[in-house]
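Below, read A as the first sequence line, B as the second, and so on, with proteins coming before strands; counting in each chain starts at 1. Keep in mind the model is a prediction, meaning the values are calculated, not measured.
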Amino acid sequence: MSSIQEFSGYTPTWCPGCGDWSIGVAIKSAFVQLGFNPSSVFVVFGIGCSGNMNDFLNAYAMHALHGRGIANAIGIKLANHKFPVVCVLGDGDCYGEGGNHFVHACRGNFDITVIVHDNRVYGLTTGQVSPTSEKGKKSKSTPQGIIEEPFKALEVAIVQGASFVAQGFAGDVPHLISLIKQAVEHKGFSLLNVLQPCVTFDKVNTYNYYRERVFKLKEDFPTPDKKKAIELVLRSREEERYPLGVIYKVSRPTYSEQLPQLEKKTLVERERIGNLSRLLEVFE
Amino acid sequence: MKKATAFSQNNMNDFLIKIGGEAGLGIMTTGLALGKYFARQGYEVFGYVEYPSLIRGGHNTYEVRVSTEKIHSSKWKVDFLICLNRETFEKHKGRLAKGAVVFYDPEEFEVKENFAKVEVPVKNFLKEGGDSILFSNSIYLGAVIGYLGGDLEDVKKLLVDFFEKKGKEVVEKNFEYAKRGFKVGSSKFEILNSKQILNPKSEILNKSGGKLVMTGNEGFSLSAVAADCRFYAAYPMTPSSSVLSTLAAWQKDTGMIVRHAEDEIGVINEALGASFAGVRSAVGTSGGGFALMVETLSYAGVAEIPIVVLLAQRPGPATGMPTWTEQGDLLFAINAGHGEFMKIVLAPGDIEEMLELVPEAFNLADIYQTPVIVISDKFLSESFISVEKTKVEKILDSIEIDRGKLITADQVKDKYLRYKVTEDGISPRLLPGEPGYFYQANSYEHLEDSHTTEEAAPRVEQVNKRNRKIETYLQNHFRLPKVYGDLKKAKYVVVGWGSTKGPALDALEKLDNFAYVHFTHIWPLDREKVKKLLEPAKDKLVLLENNSFGQFGSIIEGLGFSFVKKILKYDGRPFYAEEIVESLKSLL
């Protein structure tokens with residue numbers, strides 16, 4: 001069995017108290033508990049404070065371009081589907097810059113896990129609003145308050161075809177570890193949105209703010225019922241409360257499972273094809 | 001009969017059939033069918049298609065040149081014009097050769113001019129059969145082949161090949177109509193001088209042992225498979241789309257994964273992910289899609305991940321003229337991507353170069369762990385040409401896979417460093433998944449061990465390392481242009497690249513003492529070697545490019561040369577040999 005030490009790279013440079021610390025520990029712990037080692041898991045990091053985990057977490061990794069991590073992860077998974085593929089992204093990266101990849105990856109039900117550090121702010125660029133910032137939030141880029149509604153990632157994922165949608169909280173590491181494990185073990189596209197305070201640039205959505213408003217899902221969840229899942233999320237939003245746990249889960253064939261090319265071997269393992277004469281026939 | 005006499009004046013060793021009609025009436029199918037018909041008889045063929053960016057309405061044409069000799073492009077004068085509508089006649093009558101024959105339905109429109117005519121009662125046939133105008137192309141296909149003394153059984157075989165997938169009934173019906181057309185055509189044939197007519201299954205066929213008819217995009221697809229490309233992603237964009245459909249159709253046989261992703265950014269990032277994981281990967285697009293991919297090219301450059309990009313150009317800027325041709329993206333391709341990194345640009349000029357350069361592109365991408373762009377254009381990507389089957393087989397058989405410094409775990413000494421500083425600039429690449437190791441493909445500047453860095457010294461070390469790959473490439477893989485003719489003796493020397501090769505070579509045959517220099521390895525360019533090569537011709541260089549800036553010309557000018565003339569064309573149409581000849585003759 002591996003250890004947390006094996007997964008630990010450089011000492012993180014995150015701000016003291018930043019939720020990234022707990023998410024980082026939770027990911028490493030989950031990997032250890034899942035029996036992974038740094039050579040047996042592929043991780044794609046986005047760009048942002050969360051993506052800086054690239055140097056703090058040991059694994060075969062792509063430190064992607066901002067917004068593009070999910071697309072890289074899909075390519076990795078299709079080339080070598082036997083390895084677990086986990087994306088570590090931020091809310092700006094995944095829902096903003098990479099929004100198109102996100103909504104379409106849900107559709108494909110690619111067997112990848114997307115862990116989003118949702119801190120409702122652009123931390124690395126010093127505090128502008130993010131797609132998940134609440135309406136009216138004032139920031140350097142929105143001095144009069146943001147006009148847009150926040151991006152509803154959980155609902156979008158459920159509607160778009162993700163087969164596993166969960167929410168965690170950086171203030172509850174044991175629960176987060178369990179969610180990460182479930183997300184990685186789930187066959188299909190898993191979204192784990194992690195509520196995470198930015199202690200430097202957000203004085204509203206603090207640990208206390210979340211502690212007063214989060215609640216753990218009861219026995220009725222996860223549900224395979226889209227309507228029920230979305231109702232829960234919508235109702236929680238209206239009440240300014242945040243469900244924690246696996247909200248929606250359904251068993252659906254993954255993208256790789258529907259490719260006859262991958263029935264026997266992974267793409268990277270298979271032999272080079274020899275005879276091309278069949279292909280030449282169409283040109284005769 | 002007058003018409004027949006007129007026809008017999010033409011050179012039946014080299015003629016052009018042009019068919020035109022409303023988009024959606026099967027002009028594309030008929031053009032390819034004609035090409036295949038004559039290639040199967042042993043002739044050389046070249047097919048060039050024009051169509052607007054819409055599905056129905058608008059004007060589609062296909063011109064198919066047929067010759068007993070090797071040809072490299074179309075020709076200007078039309079010998080047989082098949083008019084599915086009046087527009088075809090009006091638009092193209094100016095190109096009719098002396099003695100040309102016009103095929104048309106007198107019920108559709110009248111031809112008052114004094115051309116030889118074959119009147120095909122298409123509307124009448126369709127009325128009798130109670131069928132739609134969608135069958136008119138088969139009637140004309142039969143008519144022209146009948147007129148040329150062709151064989152009805154061969155027409156049937158052709159229709160089976162084209163329509164088998166749609167069911168027996170569709171084949172039968174098309175054949176019935178082709179037969180009626182054939183009768184009309186062959187009734188005219190009987191009165192022709194048979195010596196002038198096609199010699200079916202001629203000696204040339206026996207000599208060549210069979211021909212294939214292939215477009216540039218099909219050539220790309222075929223050679224990508226042969227080069228062991230296992231992942232191809234694209235977002236449909238003319239004129240690259242047929243690579244996506246061709247490779248997708250072959251998936252069952254090839255085992256390749258072919259992804260139609262959500263946008264071009266997703267496309268190239270998926271391909272890059274697959275390449276990182278160890279499989280040869282490629283993407284295909286045109287200028288606009290390529291523009292979206294450019295940031296990721298830069299990632300491939302710094303993270304040193306192999307990737308092959310097919311850039312099939314069309315006229316820009318922006319949406320431009322989507323279904324037409326231009327060589328307007330060369331400098332963009334060379335300069336694509338922010339920051340400084342090595343990138344290789346290869347430009348095939350014809351089908352054979354496509355078949356050879358694509359596998360080379362995959363090898364170079366692996367060897368130098370960097371993006372390689374194969375630059376084509378609509379003219380090369382969508383035009384078809386006949387090529388000897390044995391030649392294609394020979395090229396495919398000779399493909400050797402060179403994955404460069406790809407190593408396995410047992411070859412790792414001490415610590416594995418993904419971005420190890422080496423003399424040739426290339427670091428050994430261990431595929432992810434090897435037990436006992438890990439590393440990142442880092443989009444940030446990084447240390448040898450792949451961790452992020454912002455320190456000055458390792459930054460410079462890594463930049464220098466990556467840049468050294470350029471020198472290594474120039475020493476080992478750069479290839480000088482191909483020279484046709486004698487640079488010293490030639491009156492003028494034409495410099496070109498890419499798809500202008502075909503018309504240039506055809507033009508050269510009509511000229512006395514001209515030479516042509518054809519570049520395929522466009523970037524990086526070995527400045528000294530090229531300078532030395534062009535030096536003897538420095539006072540007589542002529543630039544030939546399908547763009548308005550003379551983009552490749554500016555690179556040559558950067559070497560200290562100047563051109564006595566620039567032959568540039570940017571109306572969306574390819575060059576014709578005749579106009580190159582005319583332009584060059586004006587220098588004399």
Return the option, out of [options], with the maximum number of heavy-atom pairs under 4.5 Å with chain B.
options                          : value
P38(A), A59(A), A79(A)           : A59(A)
L280(A), V268(A), L267(A)        : L267(A)
F42(A), Y10(A), Y60(A)           : Y60(A)
N80(A), I273(A), I70(A), L279(A) : L279(A)
R68(A), Q261(A), R270(A), K77(A) : R270(A)
L65(A), N52(A), I74(A)           : L65(A)

Would you say the side-chain atoms of [X] pair up with the backbone N or O of [Y], donor to acceptor, closer than 3.5 Å?
X       : Y       : answer
Y419(B) : A303(B) : yes
S40(A)  : F36(A)  : no
Q251(B) : A248(B) : yes
S386(B) : L212(B) : no

Lys/Arg-Asp/Glu bridge criterion (N-O < 4.0 Å) met for [X], [Y]:
X       : Y       : answer
E44(B)  : K211(B) : yes
R40(B)  : D154(B) : no
E270(B) : R259(B) : yes
R272(A) : D228(B) : no
R418(B) : E448(B) : no

Heavy-atom proximity to chain B below 4.5 Å, by part of [X]:
X       : value
H104(A) : side chain
R107(A) : neither
E263(A) : neither
Y255(A) : side chain

I need the residue from [options] with the largest number of non-hydrogen atom pairs under 4.5 Å to chain A.
options                            : result
S450(B), A441(B), A277(B), P435(B) : A441(B)
L431(B), V267(B), I401(B), V392(B) : I401(B)
T254(B), L222(B), L396(B), L272(B) : T254(B)
S443(B), S298(B), P432(B)          : P432(B)
G266(B), G433(B), A274(B)          : G433(B)

_Pairwise side-chain contact, C87(A) with I115(A), heavy-atom cut-off 4.5 Å (strictly under)_ = no
Answer with side chain, backbone, both or neither: which region of [X] has an atom nearer than 4.5 Å to a non-hydrogen atom of chain A?
X       : value
S281(B) : neither
Y437(B) : both
L158(B) : neither

*For residues Y416(B) and Y439(B), establish whether the separation of their ring centroids is below 6.0 Å.*
yes
